[in-house]
Amino acid sequence: MIDLSVVVSVYNEEESLPSFYAVLSDELAKLPVTAEIIFVNDGSRDGSLSILKSFLEQDARVIIVDFSKNFGHEAAMIAGIDKSRGESVVCMDADLQHPPHYIAEMLCKRSEGFDIVNMVRNSRADAGFLKRWTSSFFYWMTNRIIHEKLEPNASDFFMISKRIAAVLKTDYRERTRFLRGFIQIMGFKKTQIQFDAPKRIAGESKYSLFKLIVLSFSAVSALSKAPLKIALWSSALFGLFSLIVIVYSLIMWIVDTPVSGYTTIVILISAMFSVNLLVIGIIGEYIGFLFDEVKKRPIYTVMEEYE
Ligand code: UDP
Ligand code: MG
């Protein structure tokens, strides 16, 4: 039986891996748990894989999942969770920005009965003004659009129980994912721990601005259908507006003699635009339903059964 699975996503981390592994091993040695360490190599093009193999040779707890190419951090975390066998599963970065000494505290929370322990960033020594600002803007926007509220400073550093891992192994298998969002909307007993994210120990952030923008779109589309409703709402607004225009043109047609054909054109254009938007809105609603069906989200998730 394995108590703890540590899932680590690795993308071009040759500089940070040795210290990460040393710190993690030290921390695990202090804990009374049996562990496995699952490194998911997300298509690194540097020496990361051979470093991981050297860990494998000296440590029976190490497992390496080597991707055929770079599939992204989210995919790497999912692959690690799929592979995990532990009673608790912790996901963390390989750059020591998710300090392993918090694992003890997270395990405490788990033993108190929490299924999900989210690590929430107090401060980010790494992030410059731009990253911090875009991150808060992202959470602000997303929380405005989606129904379930997300914790603003949630990170990809979290611990989940075996049963949450089991849910993630079968459900929430969409191509477009936002794992830390899913973890917050699944229900179950959850709690959070504040932490200070230190600077990355070596190398550079593997998240380019482009990857962050893609992630934001994934998050919104994975968690919300609101953008699809734009057509419906604008058809309602424009419909009201065109009604006013139509009534006004008809009155002008009666009391005044406008240019020939003017009233007909105004009425036709207003009416047609409203109908157009309405039809697009209805199609949007159906696409929304298709979207839900395609995602195959669970209709319900059982936490426990009592007989
Ligand atoms: N990572 C990954 N695939 C990617 C990008 C990043 O597996 O395409 C890993 C990376 O090796 C690190 C973690 O995800 O362990 C977080 O990435 P990074 O530290 O670059 O992001 P930041 O902390 O700057 O947001
Ligand atoms: Mg980092």
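One-based numbering, in listed order, for ligands and for the atoms of each. Keep in mind that what you see is a predicted model, and the values were worked out from it rather than measured.
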Look only at the side chain of T34 and the backbone of D3, and say whether a donor-acceptor pair between them is shorter than 3.5 Å.
-> yes
Is it the side chain, the backbone, both or neither of E13 that has a heavy atom closer than 4.0 Å to ligand 1?
-> side chain
Counting heavy atoms only, which part of D93 comes closer than 4.0 Å to ligand 1: side chain, backbone, both or neither?
-> both
Verify, without hydrogens or angle tests, whether E36 (side chain) and R61 (backbone) share a donor-acceptor contact under 3.5 angstrom.
-> no
Taking distance alone, with no angle check, do A94 and ligand 1 share an N/O pair under 3.5 Å?
-> yes
Does even one non-hydrogen atom of K211 get within less than 4.0 Å of ligand 1?
-> yes
Counting heavy atoms not belonging to F273, are there more than 12 under 6.0 Å from its CZ?
-> no
Lys/Arg cation over aromatic F67: K69, 6.0 Å, 45° cone | no
Main-chain N/O of L250 paired with T263 side-chain donor or acceptor, under 3.5 Å | no
Hey, looking at atom 23 (O) of ligand 1, which of E204, R200, K199, Q97 has the closest heavy atom?
-> Q97
Which of the ligand 1 atoms, numbered from 1, are nearer than 4.0 Å to a heavy atom of N70 | 3 (N), 4 (C), 8 (O)
Aromatic rings Y286 and F289: how do their planes relate, parallel, tilted or perpendicular, breaks at 30° and 60°?
-> perpendicular
Taking only non-hydrogen atoms of G72 and a 4.0 Å limit, the atoms of ligand 1 in range are 3 (N), 8 (O)
Any donor-acceptor N/O pair, S44 side chain to D46 backbone, under 3.5 Å = no
Answer key: the N, O or S atom of D95 nearest to the Mg ion (ligand 2) is OD2
Do Y11 and ligand 1 have an N or O pair less than 3.5 Å apart?
-> yes
Can you list the ligand 1 atoms lying under 4.0 Å from a non-hydrogen atom of S9?
-> 7 (O), 9 (C), 10 (C), 11 (O), 12 (C), 14 (O), 15 (O)
